[in-house]
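The structure under discussion appears below in the form of structure tokens.
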Amino acid sequence: MIRYRRPKQDDEIIHRLIETELVPLSHLPAKVLDQVKKELPRRLGRGVTLVASSDYDSGPLGFVHFMLHGDLLYIDMLAVAASAKRKRWGNMLMDRAERFALSRGCHRSKVAVDVGNAPGLAFYEKLGYTVVRYLPQSMCYELEKRFLPTGI
């Protein structure tokens, strides 16, 4: 099931997922990563975080954190536990985030994928995202997807 984040129940596991699934892919210097980790509670407080779990009371198997800016859905973080990969949790999280954004007038979505994260690139490309540019300062590719207007 996909549900909204419950900070007291979910944040410890979300932080662990970030540490095990996202941090190893990053090319940011250790000092910058330490600062990013310190800012996680505030960062998760902005935007929306959806959690994948086997049932309502279970801890997260994965999560997506995103923000809406006008007509743009920005996928900030997506991570799925190694034991839960290839079970469609990532697809379900993205589908729910995109439907949430569409219902609020978004027409496009962006996400950044670290260089060297070939599985991440392939995942987003299967969902209809295309690389629009390379961001050398963060060593990431920026991908974008345009949504069709509802009702078509």
Side-chain angles (χ1 to χ4, degrees), residues 1-106 108-129 131 135 137-145 147:
M1 76 171 296
I2 306 299
R3 61 173 173 74
Y4 288 98
R5 163 184 163 250
R6 294 193 296 261
K8 288 182 180 169
Q9 177 181 340
D10 300 331
D11 282 5
E12 183 179 329
I13 298 169
I14 288 172
H15 286 251
R16 194 173 326 123
L17 285 169
I18 291 167
E19 191 70 39
T20 59
E21 302 298 326
L22 299 179
V23 169
L25 299 170
S26 177
H27 298 284
L28 295 174
K31 228 177 189 177
V32 175
L33 277 174
D34 287 342
Q35 185 60 34
V36 168
K37 290 176 196 175
K38 285 179 190 169
E39 293 173 1
L40 276 175
R42 195 174 78 222
R43 187 170 169 182
L44 287 171
R46 293 188 306 250
V48 178
T49 304
L50 299 175
V51 167
S53 62
S54 54
D55 59 57
Y56 186 77
D57 293 320
S58 297
L61 298 167
F63 76 95
V64 63
H65 177 73
F66 59 91
M67 292 168 266
L68 306 180
H69 299 286
D71 75 339
L72 174 68
L73 163 65
Y74 178 72
I75 304 297
D76 182 36
M77 295 181 280
L78 170 72
V80 176
S83 62
K85 287 187 178 175
R86 306 203 58 79
K87 296 181 180 170
R88 304 199 49 81
W89 291 114
N91 292 60
M92 288 187 276
L93 286 163
M94 286 299 296
D95 178 66
R96 186 68 63 88
E98 289 176 355
R99 286 191 292 129
F100 181 99
L102 268 169
S103 74
R104 285 154 178 82
C106 291
R108 59 198 178 103
S109 177
K110 287 189 178 190
V111 64
V113 177
D114 291 290
V115 166
N117 183 0
L121 276 174
F123 171 78
Y124 288 109
E125 287 173 343
K126 282 182 185 174
L127 294 179
Y129 287 76
V131 175
L135 304 168
Q137 67 276 19
S138 58
M139 296 180 69
C140 290
Y141 293 104
E142 182 180 77
L143 288 83
E144 186 171 341
K145 177 179 179 177
F147 302 133

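Predicted, not measured: the structure shown is a model, and the values here were computed from it.
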Is D34 salt-bridged to K38, going by a charged N under 4.0 Å from an acidic O?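 Here D34 does not pair with K38 in a salt bridge, since their nearest N and O are not under 4.0 Å apart.
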
Pairwise distance [atom1]([X]) to [atom2]([Y]) - rounded to 0.5 angstrom:
X    : Y    : atom1 : atom2 : result
Y4   : L50  : OH    : CG    : 6.0 Å
E39  : R46  : CD    : CZ    : 7.5 Å
R5   : D10  : CZ    : CG    : 7.5 Å
I75  : K110 : CD1   : NZ    : 13.0 Å
L40  : H65  : CG    : NE2   : 9.5 Å
L121 : D114 : CG    : CG    : 9.5 Å

Would R6 and Y56 count as a cation-pi pair here, with the cationic atom under 6.0 angstrom from the ring centre and within 45° of the axis?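 Yes, R6 lies over the aromatic ring of Y56.
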
Do the numbers put R96 on top of the ring of F100, so that NZ or CZ is under 6.0 Å from the six-membered ring centre and no more than 45° off the axis?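 No; the conditions do not both hold, so R96 does not lie above the ring face of F100.
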
Does any non-hydrogen side-chain atom of [Y] lie less than 4.5 Å from one of [X]?
X    : Y    : result
H27  : S138 : no
H15  : P41  : yes
F123 : K85  : no
Y124 : K145 : no
D71  : R108 : yes
V51  : I14  : yes
E125 : V131 : yes
E12  : R16  : yes

Considering all heavy atoms, the nearest [X]-[Y] contact:
X    : Y    : value
A97  : L73  : O-CD2, 3.9 Å
I2   : L93  : CD1-CD2, 3.8 Å
S53  : R3   : OG-NE, 3.4 Å
Y74  : A112 : OH-CB, 4.3 Å
F147 : C106 : CD1-O, 3.6 Å
V113 : G120 : CG1-C, 4.2 Å

If you count heavy atoms of other groups shown closer than 6.0 angstrom to [atom1] of [X], is the number above 12?
X    : atom1 : answer
R104 : CZ    : yes
Q9   : CD    : yes
R99  : CZ    : yes

Show your reasoning for whether side chain to side chain contact (heavy atoms under 4.5 Å, CB included) applies to K87 and V80. CA-CA 10 Å; K87 296 181 180 170; V80 176; over 6 Å; no

Set out, in order, the CA-CA distance, both residues' side-chain angles and the distance that settles side chain to side chain contact (heavy atoms under 4.5 Å, CB included) for F63 and I13, then state yes or no. CA-CA 10 Å; F63 76 95; I13 298 169; over 6 Å; no

